[in-house]
Amino acid sequence: MEDINEQRTQRIQKLETLRAMGIQPYGTRFDETHQIQPLVDSYGSKTKEELEHDTIECRTAGRIVALRRFGKAAFASLQDGAHRLQVYLKKDVLGEDSFRLSQELDLGDWVGVEGHLFRTKTDELTIEVQNLTFLSKGLRPLPEKWHGLTDIETRYRQRYVDLIANPAVHKIFETRSRLITGIRNYFTEQGFLEVETPMMHPIPGGATARPFVTHHNALDTDLYLRIAPELYLKRLIVGGFRRVFEINRNFRNEGISTIHNPEFTMLEFYQAYADYNDLMALTEDLFGKLAQDVCGTTKLEYQGQIIDLTPPWRRLPYFEAVLEYNRFDRTVLENRKAAEAAAKQLGLAIPKDATLIGIVNMIFEETVESKLIQPTFITDYPTEISPLSRRKDSDPSLTDRFELFITSRELANGFSELNDPIDQRQRFEAQVAQREAGDEEAHYLDEDFVRALEYGMPPTAGEGIGIDRMVMLFTNQASIRDVILFPQLRPEKPS
RNA sequence: GAGCCGCUAGCUCAGUUGGUAGAGCAUCGCCCUUUUAAGGCGAGGGCCGAGCGUUCGAGUCGCUCGCGGCUCACCA
């Protein structure tokens with residue numbers, strides 16, 4: 001089972017050496033005066049003379065990631081998160097016992113150091129260590145210092161090693177966390193209340209997707225991991241919460257790709273008395289502020305392109321978009337035969353029972369989405385493919401809805417919410433008919449949700465933003481696996 | 001699910017027309033009190049993803065399987 005290699009065996013032997021020296025190889029608390037990054041931030045600009053004149057004493061801790069030994073001295077690089085600082089271990093200063101301990105150190109071990117800052121001959125900020133505290137032993141060798149860990153499978157399966165060996169990866173996940181904190185602050189400051197709704201649903205709803213199924217033994221009932229929190233959040237609006245948001249996982253039982261992970265993080269927020277135009281303005285403002293705060297600019301570099309998040313963003317009605325990116329005329333949008341002919345010309349396989357809108361939507365996905373590099377709101381989606389959205393007053397076949405595309409990917413979906421319970425029931429029934437016709441992704445009829453609407457929901461606008469894809473954009477990552485700490489992989493086979 | 005590519009030491013990678021499996025880093029020993037891919041001398045470390053075949057002989061050729069990546073299909 002466990003791979004036993006030479007280096008690991010040697011290190012296990014070192015545990016005994018340490019114990020024989022009276023050192024606990026798995027220690028306990030250590031008081032730091034500084035973490036490494038603040039230490040470097042505070043004193044990194046001090047000159048050699050300043051550090052000699054005003055002695056800076058400090059205690060800090062980290063993992064040894066580089067070690068350059070001489071006979072009676074050594075330099076080590078201490079890593080804390082994504083940051084490193086050099087320490088100098090000198091026999092004269094450490095004393096006999098501590099120096100002997102320093103001779104036993106391996107790459108990967110955790111230590112605490114106490115000493116003062118100085119600059120070396122080559123002007124590197126360094127701690128001259130007076131006291132060395134052993135904190136924890138590493139038994140496995142770290143990846144090579146120069147190339148690090150590059151094997152993609154190992155990076156995902158053993159993310160802890162990736163994080164040690166690749167500080168840039170550490171920074172991506174710090175950025176992810178900062179973005180999510182920024183989102184929380186943004187909504188909280190605007191009077192939104194963060195709520196938690198069920199992850200396990202008796203009826204999966206709020207999106208068109210296939211769910212994961214699980215079983216509750218005591219209730220003896222199947223439950224579905226949620227595909228979206230939407231219907232629960234709207235129940236809260238019915239209940240009188242004016243503004244709510246939730247940031248959490250959705251689960252969809254579908255393929256895995258560079259932009260799909262079976263569990264992914266979604267922000268959904270709902271605002272009473274607002275409409276979809278308010279949401280588009282809010283989204284521009286949110287992205288702009290996050291970009292400015294986290295990246296220092298609203299012009300982001302993404303995979304060799306500059307994505308300009310400066311508002312306002314382009315708004316393009318759905319049908320206009322289909323016409324703009326194709327050569328055919330308007331009859332394709334109005335006549336099923338014309339639509340089918342156009343689709344065939346594009347090489348699309350059209351199911352026999354496909355509706356006009358169904359065909360147009362296939363054309364949209366095939367010809368429009370890939371062109372939407374810069375932020376674009378596609379608006380006014382057909383009612384037929386928007387079963388939870390409010391109809392347009394000017395044209396009930398369309399809805400007050402938009403999807404946001406950036407770098408050809410859907411990042412957000414928002415709309416004025418359908419709050420007419422009678423219309424909602426009819427839309428659900430149309431979905432149920434589609435499901436019975438074989439569409440596994442069509443919505444279920446959620447009787448309790450309709451009942452909630454019957455109690456009256458104020459006019460409301462709601463939106464979902466795919467956080468992982470947003471993080472990809474802000475951190476310039478091409479694969480969703482590089483912004484999810486533990487992406488879904490096939491289980492490692494037991495060896 | 002399909003196509004293409006990859007899998008060799010702890011890590012990063014070589015490996016010729018099929019002929020005894022290599023390097024750098026890491027590890028171990030010795031030397032070295034300002035190095036930073038430290039340096040010098042020496043040493044150990046391999047089920048070449050798994051299996052089956054072809055062959056006198058397979059890391060190398062063929063087939064099957066496993067895992068991963070990318071593209072496509074489905075999807076957010």
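Per chain, numbering begins at 1; letters A, B, ... match sequence-line order. Not measured: the values here are computed from a predicted model. Keep in mind that the numbers below use all heavy atoms, side chains included, and drop hydrogens, waters and symmetry copies.
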Trainee: At 4.0 Å (heavy atoms only), tell me whether A/Thr208 reaches a base, stays on the sugar-phosphate, or touches nothing.
Mentor: sugar-phosphate
Trainee: Would you mind checking if A/Arg184 and A/Glu194 are paired as a salt bridge, meaning a charged N to carboxylate O distance below 4.0 Å?
Mentor: yes
Trainee: Rounded off to whole Å, could you give me the CD-to-C1' distance for the A/Glu52 and B/U34 pair?
Mentor: 13 Å
Trainee: Could you give the CZ-to-P distance, from A/Arg210 to B/A73, as a whole number of Å?
Mentor: 17 Å
Trainee: Base, sugar-phosphate, or nothing for A/Tyr156, non-hydrogen atoms under 4.0 angstrom?
Mentor: sugar-phosphate
Trainee: Are the charged groups of A/Glu284 and A/Arg315 less than 4.0 angstrom apart, N to O?
Mentor: yes
Trainee: Quick one: A/Glu96 CD to B/U33 P, roughly how many Å, whole number?
Mentor: 14 Å
Trainee: Hey, does A/Thr258 reach any base, or is it just sugar-phosphate, or nothing, if we go heavy atoms under 4.0 Å?
Mentor: sugar-phosphate
Trainee: Does B/A76 have its OP1 or OP2 closer than 4.0 Å to a side-chain nitrogen or oxygen of A/Arg469?
Mentor: no
Trainee: Distance check, C1' atoms only: B/U16 and B/C11, in whole angstrom units.
Mentor: 26 Å
Trainee: At less than 3.5 Å, do the side-chain atoms of A/Thr150 and the base atoms of B/U12 form a donor-acceptor pair?
Mentor: no
Trainee: Rounded to the Å, how far apart are A/Glu366 CD and B/A73 C1'?
Mentor: 11 Å
Trainee: Base, sugar-phosphate alone, or nothing: which one does A/Arg119 contact when heavy atoms must sit under 4.0 Å apart?
Mentor: nothing
Trainee: Hey, does A/Glu403 reach any base, or is it just sugar-phosphate, or nothing, if we go heavy atoms under 4.0 Å?
Mentor: nothing
Trainee: Quick one: do A/Arg176 and A/Asp468 make a salt bridge, cutoff under 4.0 Å?
Mentor: yes
Trainee: Please confirm whether the shortest side-chain N or O distance from A/Arg157 to OP1 or OP2 of B/G68 is below 4.0 Å.
Mentor: yes
Trainee: How is A/Asn253 classified with respect to the nucleic acid when contacts are heavy atoms under 4.0 Å: base, sugar-phosphate, or nothing?
Mentor: nothing
Trainee: Relative to A/Phe264, does A/Arg252 satisfy both conditions: NZ or CZ under 6.0 angstrom from the six-membered ring centre, and within 45 degrees of the ring's axis?
Mentor: no
Trainee: How are the rings of A/Phe251 and A/Phe212 set to each other: parallel, tilted or perpendicular (split at 30° and 60°)?
Mentor: perpendicular
Trainee: May I ask you to decide whether A/Glu246 forms a salt bridge with A/Arg226, counting only side-chain N to carboxylate O separations under 4.0 Å?
Mentor: yes
Trainee: Between A/Tyr381 and A/Arg401, is there a cation-pi geometry (under 6.0 Å to ring centre, at most 45° from the normal)?
Mentor: yes
Trainee: Between the protein and nucleotides 26-32 of chain B, list the N/O to N/O atom pairs that are separated by less than 3.5 angstrom.
Mentor:
| residue | atom | partner | partner atom | Å |
| --- | --- | --- | --- | --- |
| B/A26 | OP1 | A/Lys145 | NZ | 3.0 |
| B/A26 | O2' | A/Gln7 | OE1 | 3.4 |
| B/A26 | N3 | A/Gln7 | NE2 | 3.1 |
| B/U27 | O4' | A/Gln7 | OE1 | 3.4 |
| B/U27 | O2' | A/Gln10 | OE1 | 2.1 |
| B/U27 | O2' | A/Gln10 | NE2 | 3.2 |
| B/C28 | OP1 | A/Lys14 | NZ | 3.2 |

Trainee: Would you mind classifying the nucleic acid contact of A/Phe405 as base, sugar-phosphate or nothing, using non-hydrogen atoms under 4.0 angstrom?
Mentor: nothing
Trainee: Would you mind reading off the distance between A/Asp151 atom CG and B/C67 atom P, rounded to a whole angstrom?
Mentor: 16 Å
Trainee: What contact category does A/Gly464 fall into here, base, sugar-phosphate, or nothing, at under 4.0 angstrom with non-hydrogen atoms?
Mentor: nothing
Trainee: Ignoring hydrogens and angles, answer whether the base of B/U35 and the side-chain atoms of A/Gln86 contain a donor-acceptor pair closer than 3.5 Å.
Mentor: yes
Trainee: In whole Å, measure the gap between the C1' atoms of B/G59 and B/G46 for me.
Mentor: 11 Å
Trainee: Please answer whether B/A76 and A/Phe264 are stacked, defined here as ring centres separated by less than 5.5 Å and planes angled under 30°.
Mentor: yes
Trainee: Tell me whether A/Lys234 is salt-bridged to A/Glu417, with the criterion being a basic N under 4.0 Å from an acidic carboxylate O.
Mentor: yes
Trainee: Can you measure A/Gln488 atom CD to B/C67 atom P for me and round it to whole angstrom units?
Mentor: 14 Å
Trainee: Please measure how far the P atom in B/C70 lies from the corresponding atom in B/C63, and state the result in whole Å.
Mentor: 26 Å
Trainee: Measure CD/A/Glu153 against C1'/B/C67 and give the value in whole Å, please.
Mentor: 5 Å
Trainee: Sticking with atom P, work out how far B/C31 lies from B/G22, rounded to a whole angstrom.
Mentor: 30 Å
